[in-house]
Every structure is written in structure tokens, then in C-alpha cells.
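A short worksheet on the structure shown next.
Every heavy atom of this structure was used, including side-chain atoms; hydrogens, water molecules and symmetry mates were not.
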Amino acid sequence: LGSVAALLTYRPLQLAHLLGDRPVLVINSELDAVVPQSEASALMDALTGPKEALTLKGARHYDAYHFVNPDQAQLAATTALDFLDRAFHD
């Protein structure tokens, strides 16, 4: 139950300042009822280091999982790998 409580009170926006100049990729789903688009946008605004965002168009929160929506999962995975390659190899 402690994990559930921590998950329900977790607010990335409040911790964004701790990331400093570390590169961050924010992946959000357009129709996400768990993490609204406004929260993803606010997080992007709060980040001060290199940052990129991917919004999965027409997707809901769990559509980034392969067993739910393989196409969206592939897009998210490819975007993440490309981001990591640019962030750590350039």
C-alpha cells in the first residue's frame, strides 16, 4: 500500500528543478486521463535543461504499451532511443 500512496502523491513538476541541466524526454498521450496534457506542458515549462516532448496523437495513457497499441509503443520507443542517442552521443 505504501507504493500506491507514493504513486498517488508523486508530482514530477515539484521535482523538475532537481534535474538541472540533464536532458529530459517527456512522452505524453493526447487523450491521457491519468496525466493531462496540461501537466505535461507545465513539466516541459519547468525543465531548464535540454528537453524534448512527444505527444502520442489520439492515444490514451496506456497506449504506449506494446500489448495495447503496438504502433504507439513503437513510436515512443524509437523516439526515446533517438533522444538518448542525441543526448549522450553528441
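Counting all heavy atoms, side chain and backbone alike, Gln72 lies closest to Lys57 at NE2-O, 3.0 Å. Here the shortest heavy-atom pairing between Gln37 and Asn28 reads OE1-OD1, 2.7 Å. Here the shortest heavy-atom pairing between Leu56 and Ala64 reads CD1-CB, 3.9 Å. For the residue pair Ser29 and Ala59, the shortest heavy atom distance occurs at CB-O, 3.3 Å.
Thr48 is not listed as a side-chain neighbour of Asp21, based on a closest heavy-atom distance of 4.5 Å or more. Side-chain contact check for His61 versus Val35: some heavy-atom pair is nearer than 4.5 Å.
Scored by the salt bridge (Lys or Arg N to Asp or Glu O under 4.0 Å) test, Arg60 finds Asp63 as partners (sequence neighbours excluded). In this view, Tyr65 and Tyr62, Phe67 satisfy the ring pair (Phe, Tyr, Trp, His ring centres under 6.0 Å) rule, not counting sequence neighbours. The side-chain contact (heavy atoms from CB on, under 4.5 Å) check on Ala46 picks up Leu13, Ala16, with sequence neighbours excluded.
Connectivity analysis of hydrophobic side chains (ILVMFWY, heavy atoms under 4.5 Å, direct or indirect) links Leu43 to Leu19, Val24, Val26, Met44, Leu47. Residues near Leu31 contribute nothing to a hydrophobic cluster around it, because no ILVMFWY side-chain heavy atom sits closer than 4.5 Å to its side chain.
Within the structure, the ring pair (Phe, Tyr, Trp, His ring centres under 6.0 Å) test picks out no pair touching residues 22-53 (sequence neighbours left out).
Of the candidates Thr79, Ile27, Asp82, Leu25, Glu52 forms a side-chain contact (heavy atoms from CB on, under 4.5 Å) with just one, namely Leu25.
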### Query
Hey, mind stepping through Arg11 and Glu39 against salt bridge (Lys or Arg N to Asp or Glu O under 4.0 Å) and telling me if it holds?
CA-CA 10 Å; Arg11 299 290 178 256; Glu39 286 187 27; 5.9 Å; no
